[in-house]
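Note that this is a predicted model, so its numbers are computed, not measured.
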Amino acid sequence: MAYGYFGSMRALPGHRAEVVAILLEGVDGLRAAGCHLYAVGASETDPDQILVSEIWESKGHHDRSLQLPETKEAIARAMPLLTGEFAGQEMTVLGGLGV
């Protein structure tokens, strides 16, 4: 069964677009790393909140993706632009449209 992760983070005021751009830069290599879905969104009600939805072949694939040099570099660039407020939820994907 596939592994899903839904997360949110808060950018420093005025930096949401910059963080979103960083998060979207490395999407080309995600499929090869075992990612089936990587969607980055912005809250409709909070100008600083960023939402990320991911579906991976397995939790192991997700965990290994965090060790990729390009992932580490993106995280290092984004972290100074974030408040440190993170929330996340893991799930086992059982099915659905597009899965």
Co-membership, hydrophobic cluster, residues Val40 and Ile22, 4.5 Å side-chain: yes
Quick one: do Leu81 and Leu24 end up in the same hydrophobic cluster if we chain Ile, Leu, Val, Met, Phe, Trp and Tyr together by side-chain heavy atoms under 4.5 Å apart? yes
With sequence neighbours excluded, tell me which residues meet side-chain contact (heavy atoms from CB on, under 4.5 Å) with Lys59. Tyr3, Asp63, Glu90
Under the rule for side chain to side chain donor-acceptor pair (under 3.5 Å), what residues qualify as partners of Thr83, not counting sequence neighbours? Glu85
Whichever hydrophobic residues join Leu97 through chains of side-chain contacts under 4.5 Å: none
Of all pairs that satisfy salt bridge (Lys or Arg N to Asp or Glu O under 4.0 Å), the ones with a partner from residues 33-43, not counting sequence neighbours: none
Ser43 meets the side chain to side chain donor-acceptor pair (under 3.5 Å) criterion, sequence neighbours left out, with Thr45
List the residues meeting side-chain contact (heavy atoms from CB on, under 4.5 Å) with Ala2, not counting sequence neighbours, and say none if there are none. Ile55, Val93
Check: residues 68-75 side-chain donor-acceptor pairs under 3.5 Å, at least two apart:
unit_1 : atom_1 : unit_2 : atom_2 : d
Thr71  : OG1    : Ser65  : O      : 2.9
Lys72  : NZ     : Gln67  : OE1    : 3.4
Glu73  : OE2    : Arg77  : NH1    : 3.4

Transitively linked via ILVMFWY side-chain contacts under 4.5 Å: Val27 with Val52? yes
Got a sec, which pairs hit ring-ring contact (aromatic ring centres under 6.0 Å, His included) with one end in residues 6-58, sequence neighbours left out? Trp56-His62
At what distance, to the nearest 0.5 angstrom, does OG of Ser58 lie from CZ of Arg64? 5.5 Å
If I compare all heavy atoms of Ala11 with all of Val19, which pair ends up nearest, and what's the gap? CB-CG2, 4.2 Å
Within one Ile-Leu-Val-Met-Phe-Trp-Tyr cluster: Val99 and Met91, side-chain cutoff 4.5 Å: yes
Enumerate the residue pairs fulfilling salt bridge (Lys or Arg N to Asp or Glu O under 4.0 Å) with a member in residues 30-57, sequence neighbours excluded, ordered by first and then second residue. Arg10-Asp46
List the atom of Gly34, the atom of His61, and the distance in Å for their closest heavy-atom pair. CA-CD2, 3.8 Å
Are Leu23 and Leu51 linked, directly or through intermediate hydrophobic residues, by side-chain heavy-atom contacts shorter than 4.5 Å (ILVMFWY only)? no
